[in-house]
Amino acid sequence: MRVQEAAFSPDQLQRSLPAAGAVVTFTGNVRDAGAGGAVDSLQLEHYAGMTEHSLQAIAEEAAARWALAAAHVVHRVGRLDAGEAIVWVGVCAAHRAEAFAACEFIMDALKTRAPFWKKEHGPQGARWVDARASDVARAQRWQLPRTGDADGAPGG
Amino acid sequence: MRVQEAAFSPDQLQRSLPAAGAVVTFTGNVRDAGAGGAVDSLQLEHYAGMTEHSLQAIAEEAAARWALAAAHVVHRVGRLDAGEAIVWVGVCAAHRAEAFAACEFIMDALKTRAPFWKKEHGPQGARWVDARASDVARAQRWQLPRTGDADGAPGG
Amino acid sequence: MLRVLFFARLREQLGCEALELASEPGIDSIAALRAALSERGPVWKEALADANLLAAVNKSLAEPGTPLVSGDEVAFFPPVTGG
Amino acid sequence: MLRVLFFARLREQLGCEALELASEPGIDSIAALRAALSERGPVWKEALADANLLAAVNKSLAEPGTPLVSGDEVAFFPPVTGG
């Protein structure tokens, strides 16, 4: 788990993964348009300390749920330009079903549980990005019948 | 779509993808053990001509089903050593749900429809790899209520 | 003593990033703390009325009923939008 | 005339990679071709009896009922194991 201001390169991270039968990676890049129009850059705020704790808990949950050889997450904070990579998840497993499921689970959990907030900057000024209901719905797909979710349910 | 004898590097392929909000990649590597024991190398046989046609059809089906910016597939044939990358799929889309679904669909379809056959070579000799029932089950998850599958159903 | 943090849009609305609050017997849960903070003025009342706000206690997501004890670090923030 | 190809384990079992077959009125489908090939001897009968074998006509997956016409390229092969 890494939370960093510095830019990273997805291809370099891909190279850093251990050998395994199946490797699934996700790279999220800053889009050049948001709900509020054109986007020149993003300001990524986070809750230092909780961010790392949250990403660690999500990765451990994935490792408890699927047989994985590795699960890495890198997320940027601070200022990012359109087109830059904001998040990268790399999962290795013996078989592809586990690698796909764990990688998508990590992203869905990150989107709803990890304390990051985006502010878009564009020609119209700055605006906070709204959370998407579809992200909550996607995260709920992973809920087990009996949940042992150490992070607790979002609420409060 | 590329079918090639030459080795490829997943990180280089990752770099070749166009910019998009969400990028999902799958890399399949030759495992060092199969159902028949230790594996030193694989011989990948294919049906030249049908292979390319089949991968193209699968990618077009993915593009018709999800809003994608790109879907690339590279698959090796010939002799591969344990640990080498055998297949790579890279999918770009504006949103992650589409990129994950299309990448996994392409792999599931490739596993059941693209004419490749593996022969494992190890200390015990050589043996053809058996198809896995779980791969058929995974591919069936993607079947639409009314199918417009141009490749037809496997059978014969 | 409770340390309370605010993030993102909520931080801007309140004009406050962090505050320290003397422990009081009544402030024994997230819901109770939220009610107490709402008394700080109309801006606080309005911002904290947002049903979508999330809370964390000691850097773990919490629920309205999550108990608080002196020394806890509590955070309130809008739904997260990373990734 | 039909061109018939065999792949992988099936190719090895038959000791045959490709053959050409004069068109005959009765050989008008994948199922009919498969029955005709099974008559070539016990090895062919046994290998082609495998219910899991797949077939393709002109490089597209086919079904037992897929019709054949002169000039078609037909292939028989075991379930695929790429990726």
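Throughout, a chain's letter reflects where its sequence line sits, starting with A, and its residues are numbered from 1.
- For residues 23-42 of chain A, the pairs satisfying side-chain hydrogen bond (donor to acceptor under 3.5 Å, both in side chains) are A:Thr25-B:Thr25, A:Thr27-B:Gln14, A:Ser41-A:Arg79, with sequence neighbours left out.
- Ranked by non-hydrogen atom pairs under 4.5 Å with chain C, the options A:Trp88, A:Phe26, A:Tyr47 are led by A:Tyr47.
- A:Glu45 places a side-chain N or O within donor-acceptor distance of the main-chain N or O of C:Ala8, the cut-off being under 3.5 Å.
- Remark: C:Lys59 does not engage A:Glu52 in a salt bridge, criterion side-chain N to carboxylate O under 4.0 Å.
- The parts of A:Asp130 that come within reach of chain C are both its backbone and its side chain, each placing non-hydrogen atoms under 4.5 angstrom from that chain.
- With a 4.5 angstrom heavy-atom cutoff, A:Leu110 touches chain C via backbone and side-chain atoms both.
- In this structure, chain C has a heavy atom under 4.5 Å from the backbone of A:Ala48, while its side chain stays farther away.
- Relative ring orientation between A:Phe116 and A:His75 is described as parallel, the plane-to-plane angle staying below 30° on a 0-90° scale split at 30° and 60°.
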